[in-house]
Amino acid sequence: MPVTAQALRARCAEEMSRSPRGFAGAGWLYEVFLAVPREHFVPDRVWWPAPREDGLHSLIDRAERPRAWLKAVYLPGVALITQLDDGRIPPTGAANGAFTSSISSSGVIVELLRHLDPRPGDRVLEIGTGTGYTTALLAVRVGAGNLVTVEIDPQLAARAAGRLAELDLRPLVIAGDGELGHAAAGPYDRIVATASVRRIPPAWLAQLAPGGVLIAPLDSPFGSDLLVRLEGDGTGGAVGGFVAQVEFMRVRSQREVRSHGELGWPAGLDAARWRDLKVEAGPDGQRIHAA
Ligand SMILES: C[S@@+](CC[C@H](N)C(=O)[O-])C[C@H]1O[C@@H](n2cnc3c(N)ncnc32)[C@H](O)[C@@H]1O
């Protein structure tokens, strides 16, 4: 008998329950994960993230290999690549290019949302809608009417809005530059980015309610992104620290490499002690320092 999506979802959830970076006791998140069909958001053709020996990424085509496709959807640690080179490479075969959109891995999304800890009724801003899957999890938790999500690629935004509506979830989906946030619906109790930044955009800080929480992957000098958790002071400033090591694709306008010194990172930090670092951010920039 073919294994069902529901069974794979339950298995994936069980696996993440056992991981210290998984649900970690967040019962609401476990429930929300089980309530949303991840497969509904995954395009029929996706690239596998690890390259083959020839350097190309294999294409998994649902029509040709439905079981492999579904299994890949529910591997907790795997992000499936949904766009290469900003969409210039059609999903017609194995290919190589820069990853520009994906469905984030279940494990990473669960970690992000656990640290975000949105409560029912919270006003939430998400940056980087992608497939709309993370948006759906958030919508189930806080109510779609409380949620704004911004995606820079208009085709992806339209597809995600359609997929969400098919599940009767209708958050405000905006095609635009998420670095600007969406002031008209702010301030927000929670802001989450699923694309990484080198510099925390001042608009996000300005749109964060007093005591609101911002979770975003921030580029670091340590060879990975670090997930920053900041609490807003309601006047465009925020303080906090790092809660996890992660890997994300960069927001479009921050792809260009900049020196870490210029971005508020002092020289000589001990990479092994990233958990001890403190972050202060405001309209004039960010400052990272040892506690
Ligand atoms: C890792 S994907 C997000 C995946 C999403 N969490 C999901 O589950 O499907 C990152 C997304 O951020 C988008 N993005 C990049 N720069 C952006 C920007 N400045 N504003 C809004 N979205 C942006 C990309 O187009 C991409 O779809």
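In terms of hydrophobic clustering, with Ile, Leu, Val, Met, Phe, Trp and Tyr side chains grouped at heavy-atom distances under 4.5 Å, L112 and L34 are assigned to a common cluster. In the hydrophobic clustering of ILVMFWY residues, with side-chain heavy atoms under 4.5 Å counting as a link, W28 and V110 come out together. Note on F33: it clusters hydrophobically with V142, by side-chain heavy-atom contacts below 4.5 Å among ILVMFWY residues. No single ILVMFWY cluster, assembled from side-chain heavy atoms under 4.5 Å apart, contains both W274 and V246. Each of I103 and L84 belongs to its own hydrophobic cluster when Ile, Leu, Val, Met, Phe, Trp and Tyr are linked at side-chain heavy-atom distances under 4.5 angstrom.
Identified under the salt bridge (Lys or Arg N to Asp or Glu O under 4.0 Å) test for residues 227-238, with sequence neighbours left out: R229-E231.
Between L169 and A139, the closest heavy-atom pair is CD2-CB, 4.1 Å. Counting all heavy atoms, side chain and backbone alike, G232 lies closest to A238 at CA-CB, 3.9 Å. G178 approaches W204 most closely through the heavy-atom pair O-NE1, 2.8 Å. Pairing each heavy atom of A5 with each of Y74, the nearest pair is O-CE1, 3.9 Å. In this structure, G236 and P283 approach most closely via the heavy-atom pair O-CD, 3.3 Å. Closest of all the heavy-atom pairs between N146 and G121 is ND2-CA, 3.6 Å.
Distance check, rounded to the nearest 0.5 Å: CG of L138 to OG1 of T194 gives 9.5 Å. Interatomic distance, CZ of R9 versus CG of L70, reported as 9.0 Å (0.5 Å rounding). One finds the CG atom of L172 at 11.5 Å from the OG1 atom of T135 (value rounded to the nearest 0.5 Å). Atoms CG and OG, on L263 and S220 in that order, are 11.5 Å from each other to the nearest 0.5 Å. Atom CG of residue L218 and atom CD1 of residue I288 lie 6.0 Å apart, to the nearest 0.5 angstrom. We find the CG-CZ distance between L137 and F41 to be 8.0 Å, quoted to the nearest 0.5 Å.
For the pair V140/E31, no side-chain contact is recorded, criterion being any heavy-atom separation below 4.5 Å from C-beta on. When side chains are defined from C-beta on, L230 counts as touching I200, because their heavy atoms get closer than 4.5 Å. Taking the side chain as every heavy atom from C-beta outward, L56 and P51 never approach each other to under 4.5 Å. With contacts defined as side-chain heavy-atom distances shorter than 4.5 Å, the pair T100/R255 qualifies. Contact check for S196 versus Q254: no side-chain heavy atoms found under the 4.5 Å cut-off. No side-chain heavy atom of V124 sits less than 4.5 Å from a side-chain heavy atom of V148. In this structure the side chain of P76 reaches within 4.5 angstrom of the side chain of E15, judged on heavy atoms. Residues R123 and R190 have side chains not in contact (no heavy-atom distance under 4.5 Å, counting atoms from C-beta outward).
The side-chain tip of R38 points at the ring of Y133 from less than 6.0 angstrom away and within 45° of straight on.
At least one donor-acceptor pair under 3.5 Å links the side chain of D122 to the backbone N or O of R119. A distance-only check finds no donor-acceptor pair linking the side chain of E151 to the backbone of A160 [under 3.5 Å]. A donor-acceptor pair is defined here as one N or O able to donate and one able to accept, closer than 3.5 Å; such a pair exists between the side chain of Y188 and the backbone of H182. Although no hydrogens or angles enter the test, the distance criterion places a donor-acceptor pair under 3.5 Å between the side chain of H57 and the main chain of P49. Between the side chain of T82 and the backbone N or O of S102 there is at least one donor-acceptor pair closer than 3.5 Å. D85 contributes no side-chain N or O that, together with a main-chain N or O of R88, makes up a donor-acceptor pair within less than 3.5 Å. W47 places a side-chain N or O within 3.5 Å of a backbone atom of G93 that can act as its donor or acceptor partner.
R252 and D86 are joined by a salt bridge, as a carboxylate oxygen and a charged side-chain nitrogen come within less than 4.0 angstrom of each other. The pair D168-R170 meets the salt-bridge criterion, with a side-chain N (NZ, NE, NH1 or NH2) lying under 4.0 Å from an Asp/Glu carboxylate O. Salt bridge annotation for D219-R198: present, with a cationic side-chain nitrogen under 4.0 angstrom from a carboxylate oxygen. A salt bridge is defined here as a Lys NZ or Arg NE, NH1 or NH2 lying under 4.0 Å from an Asp or Glu carboxylate O, and D225 with R250 meets this definition. Under 4.0 Å is where a charged nitrogen must lie from a carboxylate oxygen, and between E14 and R11 no such pair does.
Residue E256 places its CD atom among 12 or fewer non-hydrogen atoms of other residues, nucleotides or ligands, all under 6.0 Å distant. With a 6.0 Å radius and a threshold of 12 heavy atoms from other residues, nucleotides or ligands, Q6 has its CD atom at or below the threshold.
The side chain to side chain donor-acceptor pair (under 3.5 Å) test applied to R159 returns no partner, not counting sequence neighbours. Looking at residues two or more places apart in sequence or on another chain, you find a side chain to side chain donor-acceptor pair (under 3.5 Å) between T149 and E126, T129.
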Show your working on side chain to side chain contact (heavy atoms under 4.5 Å, CB included) between L277 and H289 and close with a plain yes or no.
-> CA-CA 6 Å; L277 297 173; H289 56 94; over 6 Å; no
So Q155 and D153, side chain to side chain contact (heavy atoms under 4.5 Å, CB included) or not? Walk me through it.
-> CA-CA 6 Å; Q155 284 183 4; D153 183 311; 3.4 Å; yes
Could you give me the CA-CA distance, side-chain angles and deciding distance for R287 and W265, then say whether side chain to side chain contact (heavy atoms under 4.5 Å, CB included) is met?
-> CA-CA 6 Å; R287 198 170 76 84; W265 292 84; over 6 Å; no
Yes or no on side chain to side chain contact (heavy atoms under 4.5 Å, CB included) for R45 and I60, after CA distance, side-chain angles and deciding distance?
-> CA-CA 6 Å; R45 291 166 170 192; I60 310 176; over 6 Å; no
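The closest side-chain donor-acceptor pair between S224 and E247, if any, does not fall under 3.5 angstrom.
F99 and W48 have their aromatic ring centers separated by at least 6.0 angstrom.
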